[in-house]
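Notes to accompany the following structure.
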Amino acid sequence: MEAFDQLLAQAPARIDLAGDLDALATLEAELVGKKSLIAETRRGLGRLPAEERPVVGARVHEVLRSLQELLDHRRSVLERVAEDRLLEQDRVDVSLGGYEPSIGMHHILTQTVDEVVDIFTGLGYRVASGPEVELAWYNFDALNTPPTHPSRLESDTLYVEYGDPSDEMLLRTHTSPMQARYMEQNDPPVYVVVPGRTFRADALDPTHSPVFYQIEGLAVDENITFGDLKGTLAHFAREFFGSERKIRLMPHFFPFTEPSAEMHMSCYACDGSGCRVCSGSGWIELIGCGMVDPNVLDAVGYDSSKLSGFAFGMGAERMAMVRHGINHIKHFYENDIRVLRQFT
Amino acid sequence: MKLSLRWLKEYVDIPTDDPLEIEGVFASLGHEVEGFEVLEVPFSKVTVGRVVEIEKHPNADRLRFCRVDLGDGDLHEIVCGAWNFETGDIVAVSVPGAVLAGGLEVGVRTIRGVTSHGMICSAAELGLGDDHSGIMVLDPDTPLGADFAGFVPFPDVVYDVSITPNRPDAMSVIGLAREFAAYYRTEVRMPESKPVTIDRPSPVEVTIEDTKGCPRYVGWQVDGVKIAPSPIWMQQRLRASEVRPINNVVDITNYVLLELGQPLHGFDLDEVADHKIVVRRARTGETLKTLDGVDRELDVLDLMICDGRGIVAFAGIMGGEESEVTDSTSRVLIEAANFHPPSVMFSSKRHGLRTEASARFERGVDPNLPALAAGRAAHLMVELAGGEALADVRDCYPSVIEPWTVDLDVGEVERILGVPFDRDAVVDLLSRFRMEVEGDSPLRVTVPTNRPDLTRPADLIEEIARLHGYDKFPETLPSGPAGGLSTSQVRDRRVREIMVGLGMHEAQTMTFLGRSELDALALPDDDPRRAAIRVRNPLREEEAYLRTTLLPNLLKAVQYNVSHGLSHVSLFEVGKVFLSAPDPDDPRVPDQPIHLAFIAVGDTGARGLHSTPRATDVYTSTGIVQALFDRLGLQVRIRQAAPAGFHPGRAAEVLLAEEVIGTIGELHPAVGRAFGIEGRVAAGELMLAPLLADDDWWQLEAPSTYPRVEFDLAFVLEERTAASAVVQAIQAAAGDWLESVTVFDEFRGESIGEGRKSLALRLVFRAPDHTLTNEEVAPHRETIISAVAEVTGGQLRGV
Ligand SMILES: [Zn+2]
């Protein structure tokens, strides 16, 4: 029994001296293995007088438990040290960069269109689309634009060869033909936005492209007023360009709205004091708009004496150019991945 | 149009000189200012002097030596090279220290041995014109010794104002003055338009053969004009408006056009045969040499001004050479006519002739303006060209156009504008725009004949809003019904999301194609994609057709990127194509379905220092399509096929509910090469609509918690047997417990025999409600083996 006391007294220091897992295993064999004092004592228990057996047995058990505890603790320490060493060897230079998953980007025009559309669906608008090859009737006549109007000239509008030549067919020059189409197919009230491609006979230059995107808005209901037009566009400007934006409407002319206006927005870059973005004026011309001309309502069978409405049309490229400092419209249609990648 | 602010201020009091404030007034009235230029006095220290003595220069034949009185008691000695003045003439003199236009400083100079103390100035030296030919001889009443700066039309501001096409009346200085008068609640001062006349019968005869094309023709004869340069102030105003001064008579007609908005033409009456003016349509085969020197073949719809011999002018557009005013002209016939806008527009467009006159007639000029404008021009010719205006004026105006009335309900104003306007407010606003208002409900509004844009209540409401000020209206929001995206619109967005998630960049390519691009796709002659709709007036032949497929322009975009050194390019586009069949929803227009197309080239997959990308091939395409449809919850079938333009052995049709909705695979190498792309090109083009259709909500299948049983099978098959056929046979025969079947190896070799291949498949079985035993699965294994043999002829490979 004294040997056990001695063993227990020396064990902690000896165990702590085990410098690695191998040394610990050797020590463990010596202390609690098959040839250890404890194992031998256990094996000899049967030969002891009956009255001593339980005392010695309890003592052996107690010593074994204490030693095992010390050994397990030391092992976990040594294991952690060993793993730390392994991990240290596993070190890499994380600045080398990761495995780059291929992730695409949405085109900035779709992003812009979606974002604008979401602002208006939030106001209760629906979304419609319409034909890009369109009857001249919807593109012009239904919009109060007579056959003599200069915008109908071939220098402005692209015509296509299709169908009966008496139905003049063209590439729509704006999304406004959907005003008439939508009202023909839907009863009032109408709150709709129409995004889509539009076309003009313009060669590509920094601000013109034969193909461009427009987003049309149309609200026709009882008691729609000029103030509603102003408030709606102000809401849009604040949602899309920031809550500090102010707008102003300036008188303008479109054949299919009366009164007509051009919406100007306070410059987001200088807040109105004048800078390069706004050409020094403090304002950015953004959206053509106006109250729907009664002739347009009458042409689709809406009662212009009871209903009124407003319409607006904005260029998606223009919105994106203003917001992202894009200085040439070619960037939208060249599909240079070095540019597409920036459309976050 | 460009106009001088000094000119504008001659007719209306503007209580500010701040150019920016005035720009703001233009804009708030709807006349956008494109820009303005401030013009300072172009010289300094130039004095009015009188030439007292002129001697020959002792050493130079071309020069003269003058003594000039500048009112300061001295006689200033000046050497001068001009000969167009006499002793006693009043001239502008720059003394040493003066600065001339262009910055030249005048000093004391010795010219051929004679000292000159300054210069006698020409108009060009003072920035008052182009005339270098001689010095400027001033009005004899100009006070001696005065600073000449007080007698020139400077400083000034020149505004470039964009006039909207509905406002022909505003294309004149008076028209804009009226806008300012309305804004500032003041009156316009009209210029003198009643010349002093003499009573002498005029021999001029005017006949209008086409009164629709020409509702009115005024001819005013002015005799005895002396052709000379027009005064500096007039030249300056014309120049500010970008009209080149020519001579006093021509300048006066241009001046009155800009001033009043009435195009005028001046004929040399002695060149008008028989003193006859006839307005008629041209006849087949007739020609006219216009003032720009071009011989023009005329159309029977062109409206012409003719004399006793033939055509002399293009009505409303441009005069002819023969009857133009020249230096020897003495009798002038002023034409002030009104022409039908569509007629002028037709001829102007047909002949590519756009002039200040045609721009105004196209939009509509007040038919009641010609007499006033002709009188104004005659007055100026009397005052500035020494002419005699005849009282015997021709005015053919068969049906006089009277001011019209519009009935306006005051309540309408509030209904549209959203702000209450009482009768007084409406009357005030409309009358400031020169409308007369009578009555109560409705108001009866009489519109002046220079406002063809005002014919309906809506037009008047716009005028009310414009003058009231758009900025005074509140910002309100309508209370509309609920809206939002439709299911198919949501799915449309999801398709793009998935494609982007699959690593592709979204592209937007042009709608146009050239013939050669359809050829490059190697489509057969009868392929419907070849029947592209043609643009009647294409910008370029390469853009003469509407795309019937998205692939060519997408290929060009890919090539563009490859040529910029990108090793991997993968693009997709969602957009309309244009087919020659009618649109099922509106047969009046062509079918314009939306397609989804993609192209990938180069290596694919994750890239990094330690990762190895894989080369793009047909499986890139099938993988994309499979993933897309899986994520959309749609059962797609990919069936080997050889569609046009694709690699004959590496392409497929995509089927949804047994309908072919597109083709995918690798493009034929020849197609890639035709677009300048080497290597394998994975591509596909699908109809979008079938992907957006509403379907039932998916229902949860709870995964089984019991362990699985799996085993492998390998079959020897004919080379052409599709793996999908084996998989389908297994799926059909395996029973409900089959969880998955995957091909994990494809093998060819001598041991199997030529023209054969072996496919190895792993089958996983799992029951939802208990642990499967091998004994339970074994019978299925046998069923599957015989089913595969039956359907595909595949034999189990030696186990
Ligand atoms: Zn700014």
Side-chain angles (χ1 to χ4, degrees), chain A residues 96-107 109-110 121 124-127 131-135 148 153-154 158-162 167 189 191 201 203 210-211 219 221 224-228 230-232 234-235 248-253 258-259 261 291 293-294 308 332-333 335-337 340, chain B residues 27 29-30 164-166 342 345 349 415-418 458-459 461-462 465-466 470-471 473-478 480-485 489 496 499-500 503-511 533-537 539 557 560-561 566 569 571 576 578 583 588-590 592 606-609 611:
Chain A
L96 279 175
Y99 305 135
E100 186 196 329
S102 11
I103 302 267
M105 288 290 180
H106 290 280
H107 196 279
L109 287 174
T110 12
T121 53
Y125 285 61
R126 292 194 180 281
V127 186
E132 291 173 13
V133 170
E134 182 58 286
L135 292 158
T148 51
L153 295 177
E154 288 198 350
L158 292 168
Y159 290 87
V160 302
E161 293 167 355
Y162 182 82
D167 289 338
Y191 292 84
V211 176
D221 202 344
I224 294 270
T225 68
F226 190 67
D228 293 336
K230 221 174 147 176
T232 301
H235 172 78
R248 66 181 191 192
L249 297 187
M250 305 307 273
H252 204 71
F253 170 73
E258 188 89 291
M291 300 301 288
D293 192 290
S308 55
F332 295 106
Y333 295 101
N335 299 298
D336 188 327
I337 288 183
L340 297 180
Chain B
L29 288 163
T164 54
N166 60 325
M345 185 181 293
K349 177 187 158 191
R415 184 173 78 93
I416 300 299
L417 298 181
D459 304 327
I461 291 169
E462 176 171 57
R466 191 164 69 93
Y470 280 13
D471 54 339
F473 292 92
E475 290 176 5
T476 54
L477 278 178
L485 295 179
Q489 284 161 351
R496 297 167 202 259
M499 293 305 284
V500 163
M504 318 202 84
H505 286 290
E506 187 185 9
Q508 294 273 1
T509 68
M510 287 285 162
T511 299
I533 296 170
R534 193 178 156 82
V535 178
R536 199 169 79 205
N537 52 328
L539 292 157
Y560 178 90
N561 281 290
L566 275 85
V569 181
L571 296 176
K576 282 188 197 258
F578 303 84
D583 183 333
R588 294 170 297 177
V589 297
Q592 304 166 45
R607 255 178 308 286
L609 190 63
S611 67

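The structure displayed is predicted, hence computed values, not measured ones. Chain naming here is simple, since letters A, B, ... match the order of the sequence lines and numbering starts at 1 in each.
- Chain B forms more heavy-atom pairs under 4.5 Å with one residue of A:His235, A:Glu132, A:Met250 than with any other, namely A:Glu132.
- Within the 4.5 angstrom heavy-atom criterion, atoms from both the backbone and the side chain of B:Leu417 approach chain A.
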(message) Checking B:Glu506 against A:Thr110 for the side chain to side chain donor-acceptor pair (under 3.5 Å) test, could you report, in this order, the C-alpha distance in whole Å, the side-chain angles of both residues, the deciding distance, and whether it holds?
(response) CA-CA 9 Å; B:Glu506 187 185 9; A:Thr110 12; 2.6 Å; yes
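- Atom CE of B:Met345 is separated from atom CG of A:Leu153 by 7.5 Å, given to the nearest 0.5 angstrom.
- Heavy-atom distances place both the backbone and the side chain of B:Gln508 under 4.5 Å from chain A.
- Only the side chain of A:Pro189 has a heavy atom closer than 4.5 Å to any heavy atom of chain B.
- Within the 3.5 Å criterion, the main-chain N or O of B:Ala557 finds no donor-acceptor partner in the side chain of A:Asn335.
- Contacts of A:Arg248 with chain B are absent, with no heavy-atom separation under 4.5 Å from either backbone or side chain.
- In terms of heavy-atom pairs under 4.5 angstrom with chain A, the leader among B:Pro474, B:Pro478, B:Pro342 is B:Pro478.
- Annotation: maximal heavy-atom pairing with chain A below 4.5 Å, among B:Ala465, B:Gly30, B:Gly418, occurs at B:Gly30.
- The candidate from A:Asp167, A:Leu109, A:Leu158 with the greatest count of non-hydrogen atom pairs under 4.5 Å with chain B is A:Leu158.
- For A:Thr225, the side chain to side chain contact (heavy atoms under 4.5 Å, CB included) partners are A:Asp228, B:Thr476, not counting sequence neighbours.
- Ranked by non-hydrogen atom pairs under 4.5 Å with chain B, the options A:Tyr191, A:Tyr159, A:Phe332 are led by A:Tyr159.
- Separation of atoms CZ (A:Phe253) and CG (B:Asn166) is listed at 4.5 Å; rounding is to 0.5 Å.
- In this structure, B:Ile461 and A:Glu258 have side chains that are not in contact, with every pair of non-hydrogen atoms separated by 4.5 Å or more.
- To the nearest 0.5 Å, atoms CZ (B:Arg536) and CD (A:Glu154) are separated by 4.5 Å.
- Contact of B:Leu477 with chain A is made through backbone and side chain together, with heavy-atom distances under 4.5 Å.
- In this structure, the side chains of A:Pro210 and B:Met510 come closer than 4.5 Å at one or more pairs of heavy atoms.
- Contact record, A:Leu249 with B:Tyr470: O-CB, 3.2 Å, taken as the closest heavy-atom pair.
- Between A:Met291 atom CE and B:Arg415 atom CZ the span is 8.5 Å, to the nearest 0.5 Å.
- The side-chain heavy atoms of B:Thr509 and A:Val211, taken from C-beta on, include no pair separated by under 4.5 Å.
- The shortest side-chain heavy-atom distance between A:Pro251 and B:Thr164 does not fall under the 4.5 Å cut-off.
- Between the CE atom in B:Met504 and the CD1 atom in A:Ile337 there is a gap of 9.5 Å [rounded to 0.5 Å].
- Residues satisfying the side chain to side chain contact (heavy atoms under 4.5 Å, CB included) test with B:Glu475, not counting sequence neighbours, are A:Lys230, A:Ala234, A:Arg238, A:Ile247.
- Of all the listed residues (A:Val160, A:Asp221, A:Leu340), the one sharing the greatest number of non-hydrogen pairs under 4.5 Å with chain B is A:Val160.
- Of the residues considered (B:Ile533, B:Asn561, B:Thr511), B:Asn561 shows the highest number of contacts with chain A, using heavy-atom pairs under 4.5 Å.
- A:Pro259 and B:Ile416 make their closest contact through CD-CG2, 4.4 Å (heavy atoms, listed as atom of the first residue, atom of the second, distance).
- Distance check: B:Arg466 CZ to A:His252 NE2 gives 13.0 Å after rounding to the nearest 0.5 Å.
- Between A:Ala203 and B:Leu539, the shortest heavy-atom distance links the atoms N-CD2, 4.2 Å.
- For A:Met105, the parts lying near chain B are the backbone and the side chain together; criterion is any non-hydrogen pair under 4.5 Å.
- For B:Ala482, the part lying under 4.5 angstrom from a heavy atom of chain A is the backbone only.
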